[in-house]
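First up is the structure itself, then whatever we jot down about it.
What you see below is based on every heavy atom in this structure, not just the backbone, and it leaves out hydrogens, waters and symmetry mates.
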Amino acid sequence: MFPWKKAGMFAGVICAMIIGTACGDYYRPTANPIIAPGGNPQNTHFAYALYSNPNGPGGTTGPGTLQQIDVSGDSVTLQVIVGREPIFASFYGTSTGAVYTVNKEDGSVTQQSFLSVQPPNVITLPTRSAPVFVGGTSAVDVYILNASAPDQCTGTGSLNIVTTGNVVSNTICVGQNPVALGQKPNGGKIYVVNQATNNVSVVDPVSQQVGATIPVGSNPVWITSNLDGSYMFVVNKGSNSLTAIHTTDNTTTTIPVGTAPNFSIFDSFRNRLYVTNGGSNDVSMLDLSKATPQMLVQHVSLGAGTSNPTSIVPLADGSRYYVANSGSFNVSVVNSESNTLAATTPNPIPLYPAGTTAATAQNLWIESEPTSAKVYVTTPPPSGTPQSNNPNAAPGVTIIRTSNNSIESFLQAPQSDPNCQPNPVAIPPVTCGYQTPVQLLTYIHD
């Protein structure tokens, strides 16, 4: 499963979050849900959409928003104000299940319980922290990655341990520009991906020290574990490969995949690992049912008119998987049995009406829900002026019905300024800006 899957999983993600790295690279940490024993909103059928707000009051970056969506009716039931520049969120918690959101510009973490509608808790990090990722599988601790922490770890990144009471109990120095982490099930060892130093720091949660540093390929961007945590798979975007770390002894195997891989996710139904290859516009797949992981298919075609796949999600029933193509702003539907495009028209599914394109480049995030009935996709703002009465003409979340692979509905993003009142007949017309979708969380794919 994703390390923390959807954490590299908090799993289990799970760039959907879109992050500019210190190496000048642009990637989307996709989030995998937490491996058990993390909290699971599957029982209450909620999805969560995370939005950033680049156009806050006075032209400054404003607070972002976490939307709680009732999956049964696809209605927004709660909007939580988080910090500025939220870039990643994950599920966590066995008794007080919650969503944790890292807010890079504020240097803070927002914790919102999904078992109550109480106001969120704000976790204060050490001075000048730059949080980029949150994850873990412990029933006690949550782990926060910081791209930099000059007051504690000069020239490197850091790992904060957040314990009972939402207090940072320790800070551990790791490599340069850490971008994702994965933890073995039940609070085992933590594997931190250091993008700038092309290695992985292995942290012992008991001693709270780095016990080993493992070289991987160039420009690593993501990490995912299998179900029992015997392997951690590091996605190396620069060397077109996976580094399979055998967690028993930290030995490694390099597995070639497609060009410029950027994300991976574990499929527990079929015991596979899927990898999106943004450069070769295809998907690579590992069979994890063997004692040693084996390449099953190296280049699964995503269809004509697709480019830069950056996110993928398998349905819980094992029938299909859906791939979000950020270069072409459409979604490919692939049969899991044959690994060929599903016989549905159109395939890929366009996220915009004909003749409409996205206003800005943005990596997409895709998720499914536990009944396999629907798929959710972040949809960036289109070119032109957004109109609130035109479903696909403002940023938000596109919802695809899997029974016929058609767009069922669209949830509009929150306004940048909640007090703005649009008036299209005024002279000049008054329009309101919208926040930008960053990530989706639905349930834990384990």
Side-chain angles (χ1 to χ4, degrees), residues 1-14 17 19 29 31-39 86-94 96-104 107-111 121 123-126 129-149 152-153 156-175 177-195 200-213 222-225 229 232 234 247 441 444:
M1 164 180 297
F2 192 54
W4 108 312
K5 209 181 166 160
K6 279 168 182 185
M9 80 177 357
F10 184 71
V13 264
I14 312 139
M17 323 227 109
I19 298 177
N32 278 316
I34 284 186
I35 298 175
I87 58 175
F88 194 81
S90 283
F91 296 129
Y92 187 82
T94 53
T96 56
V99 177
Y100 284 73
T101 301
V102 292
N103 310 302
K104 188 175 183 180
S108 67
V109 178
T110 304
Q111 180 216 43
N121 295 310
I123 302 170
T124 302
L125 302 178
S129 294
V132 295
F133 201 90
V134 55
T137 65
S138 166
V140 178
D141 298 326
V142 177
Y143 301 96
I144 312 296
L145 273 185
N146 295 284
S148 61
Q152 289 76 32
C153 307
T156 70
S158 67
L159 178 71
N160 296 139
I161 300 176
V162 177
T163 189
T164 305
N166 290 323
V167 174
V168 176
S169 62
N170 197 6
T171 297
I172 302 168
C173 300
V174 291
N177 194 31
V179 293
L181 69 84
Q183 186 174 20
K184 295 185 67 174
N186 303 317
K189 289 181 179 179
I190 304 154
Y191 292 74
V192 176
V193 177
N194 304 307
Q195 188 176 57
V200 169
S201 300
V202 184
V203 178
D204 184 336
V206 177
S207 67
Q208 299 189 358
Q209 295 180 349
V210 175
T213 301
W222 196 235
I223 185 169
T224 304
S225 75
M232 290 282 175
V234 180
T247 58
L441 297 174
I444 297 163

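- Residue I144 comes nearest to V162 through the heavy atom pair CG1-CG2, 3.8 Å, listed as atom of the first residue, atom of the second, then distance.
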Given the rule in the side-chain contact (heavy atoms from CB on, under 4.5 Å) test, do I161 and Q208 qualify, once you have shown the distances and angles that lead to the verdict? CA-CA 9 Å; I161 300 176; Q208 299 189 358; 3.3 Å; yes
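- Taking both residues in full, the closest heavy atoms of P205 and I190 are given as CB-CD1, 4.3 Å, listed atom of the first, atom of the second, then distance.
- Exactly one residue among T156, N194, T213 makes a side chain to side chain donor-acceptor pair (under 3.5 Å) with S201. That residue is N194.
- The line from OG of S129 to CG of L145 is 11.5 Å long, rounded to the nearest 0.5 Å.
- To the nearest 0.5 Å, the span separating CZ on F88 from CG on N103 amounts to 13.0 Å.
- V132 is not listed as a side-chain neighbour of V179, based on a closest heavy-atom distance of 4.5 Å or more.
- Taking CG of L125 as the reference point, atom OG of S108 lies at 6.5 Å (rounded to 0.5 Å).
- Considering only heavy atoms from C-beta on, Q152 comes within 4.5 Å of P126 through its side chain.
- Formation of a donor-acceptor pair under 3.5 Å by the Q183 side chain with backbone atoms of G188 is found in this model.
- Looking at Y191 and T247, their side chains come closer than 4.5 Å, going by heavy atoms from C-beta outward.
- Heavy atoms only, all atoms of each residue included: Q111 and A98 are closest at CG-CB, 3.7 Å.
- K184 and G229 get closest at one heavy-atom pair: CE-O, 3.4 Å.
- Side-chain contact between N166 and Y100: present, with at least one pair of heavy atoms (C-beta onward) separated by less than 4.5 Å.
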Working for side-chain contact (heavy atoms from CB on, under 4.5 Å), residues V193 and F133: CA-CA 11 Å; V193 177; F133 201 90; over 6 Å; no
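- P131 and I87 get closest at one heavy-atom pair: O-CD1, 3.6 Å.
- Across T137 and P185, no two heavy atoms sit closer than the pair OG1-C, 3.7 Å.
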